Enquirer: 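Questions regarding the structure given below will be posed in turn.
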Amino acid sequence: MSDSSGYERKKFLYKGKTLKELRKMSMDEFIQLVPARIRRSLKRGLPKRHKKVLEKLRKAHKAQKSGKEVMVRTHCRDLPIFPEFIGLTIGVHSGQEFVPVKITPEMIGHYLGEYAITNTRVIHGSPGIGATKSSQYVPLK
């Protein structure tokens, strides 16, 4: 793929494998590529709640192929991102709302929760009358 400016677009690789190769891999082959923390949890087997989300995501993938845009909402922040999720939008719960996360190839091997931030920036207002003890004694002219 060559750009009009002459630069070649960088092809996505995950541990030396293309996206097409990753999608064709079995789960056992993919587990060998992911980092140790995820590999250890996947070797122990997926919990029932992760399996439910996987089934919903597979249904959403089929629906997306037929032209529908479906967002699967989940509380499973500790679910690793697999190559089959790419292109889907997943609503990940942040503790107060579902944050839409569009899955891209660069997210493979990370957890869903990494992309739904749980804390927000605190913005304090300016103090008014009665905010402190000393402001109670200010004469109101």
Side-chain angles (χ1 to χ4, degrees), residues 1-140:
M1 286 187 248
S2 190
D3 226 352
S4 61
S5 60
Y7 292 106
E8 239 181 86
R9 200 167 176 193
K10 192 170 182 198
K11 196 174 182 182
F12 173 77
L13 292 175
Y14 181 77
K15 308 263 178 139
K17 307 283 184 191
T18 63
L19 190 57
K20 199 177 251 186
E21 292 171 334
L22 288 172
R23 286 188 180 218
K24 288 182 183 177
M25 278 184 184
S26 69
M27 188 61 89
D28 292 329
E29 292 171 329
F30 177 70
I31 287 174
Q32 297 305 316
L33 295 178
V34 293
R37 176 78 245 159
I38 296 174
R39 185 169 55 242
R40 184 171 186 264
S41 65
L42 290 176
K43 280 185 177 180
R44 291 169 171 234
L46 288 172
K48 195 183 269 187
R49 59 195 169 92
H50 287 187
K51 289 178 184 175
K52 281 184 180 179
V53 174
L54 277 174
E55 288 173 19
K56 287 181 183 179
L57 288 170
R58 288 182 179 134
K59 284 182 188 176
H61 193 68
K62 288 179 185 174
Q64 192 180 38
K65 283 185 178 178
S66 67
K68 294 180 184 174
E69 188 61 39
V70 180
M71 183 173 89
V72 176
R73 297 177 2 158
T74 182
H75 285 260
C76 293
R77 298 172 56 83
D78 59 340
L79 177 67
I81 297 175
F82 299 118
E84 61 186 288
F85 296 179
I86 294 172
L88 293 174
T89 303
I90 303 172
V92 184
H93 199 260
S94 68
Q96 108 181 34
E97 63 183 354
F98 288 95
V99 179
V101 177
K102 179 93 169 131
I103 305 297
T104 61
E106 291 78 23
M107 295 179 179
I108 294 174
H110 292 268
Y111 290 106
L112 284 176
E114 294 179 40
Y115 300 100
I117 306 302
T118 57
N119 53 6
T120 57
R121 188 168 168 256
V122 177
I123 302 169
H124 297 287
S126 59
I129 296 174
T132 62
K133 279 287 192 188
S134 63
S135 68
Q136 290 177 355
Y137 301 108
V138 176
L140 300 172

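Since the structure is predicted, the reported quantities are computational estimates derived from the model, not experimental observations.
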Enquirer: Tell me, which pairs form a ring-ring contact (aromatic ring centres under 6.0 Å, His included) where one or both residues lie in residues 28-47, sequence neighbours left out?
Expert: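 As it turns out, the ring-ring contact (aromatic ring centres under 6.0 Å, His included) pairs with a partner in residues 28-47, which skip direct neighbours, are F30-F82.
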Enquirer: Is any side-chain heavy atom of T74 closer than 4.5 Å to a side-chain heavy atom of L79?
Expert: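 Heavy-atom side-chain distance check fails, nothing below 4.5 Å.
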Enquirer: Between I90 and R73, is any pair of side-chain heavy atoms under 4.5 Å apart?
Expert: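 The answer is no; the side chains never approach within 4.5 Å.
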Enquirer: With sequence neighbours left out, what residues match F98 under ring pair (Phe, Tyr, Trp, His ring centres under 6.0 Å)?
Expert: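 H75, H93.
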Enquirer: Per the side chain to side chain donor-acceptor pair (under 3.5 Å) rule, what does the pair list look like for residues 45-57, sequence neighbours excluded?
Expert: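 Those involving residues 45-57 are R49-D78, H50-D78.
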Enquirer: For residues 103-117, run the donor-acceptor check on the side chains, cut-off 3.5 Å, and write out each pair with its distance to 0.1 Å, sequence neighbours left out.
Expert:
from : atom 1 : to   : atom 2 : distance (Å)
T104 : OG1    : E106 : OE1    : 3.4
H110 : ND1    : E114 : OE1    : 3.0
E114 : OE2    : Y111 : N      : 3.0

Enquirer: How close do P100 and M71 get, counting heavy atoms only, and between which atoms?
Expert: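 Taking P100 first and M71 second, the nearest heavy atoms are CB-SD, 3.9 Å.
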Enquirer: Extract all donor-acceptor atom pairs below 3.5 Å that involve side chains of residues 18-25 and protein atoms in other chains or at least two apart in sequence.
Expert:
from : atom 1 : to  : atom 2 : distance (Å)
T18  : OG1    : E21 : N      : 3.3
E21  : OE1    : T18 : N      : 3.0
R23  : NH2    : I86 : O      : 3.4

Enquirer: Check the pair L54, F85 against side chain to side chain contact (heavy atoms under 4.5 Å, CB included), reporting the backbone distance first and the verdict last.
Expert: CA-CA 9 Å; L54 277 174; F85 296 179; 3.5 Å; yes
Enquirer: Identify all side-chain donor-acceptor contacts of residues 34-47 below 3.5 Å with residues at least two apart in sequence or on another chain.
Expert:
from : atom 1 : to  : atom 2 : distance (Å)
R39  : NH1    : V34 : O      : 2.7
S41  : OG     : I38 : O      : 2.9

Enquirer: Per the salt bridge (Lys or Arg N to Asp or Glu O under 4.0 Å) rule, what does the pair list look like for residues 79-93, sequence neighbours excluded?
Expert: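 Applying salt bridge (Lys or Arg N to Asp or Glu O under 4.0 Å) to every pair that reaches into residues 79-93, excluding sequence neighbours, yields R58-E84.
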Enquirer: Could you work out, with side chain to side chain contact (heavy atoms under 4.5 Å, CB included) as the rule, every residue matching T120, not counting sequence neighbours?
Expert: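 For T120, no residue satisfies side chain to side chain contact (heavy atoms under 4.5 Å, CB included) once neighbours in sequence are set aside.
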Enquirer: Which heavy atom in L33 sits nearest to a heavy atom in Y14, and how many Å separate them?
Expert: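 Closest approach of L33 to Y14, heavy atoms only: O-OH, 3.9 Å.
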Enquirer: Report, one line per pair, each donor and acceptor closer than 3.5 Å where one atom sits in a side chain of residues 61-69; sequence neighbours left out.
Expert:
from : atom 1 : to  : atom 2 : distance (Å)
Q64  : NE2    : G87 : O      : 2.9
S66  : OG     : A63 : O      : 2.7

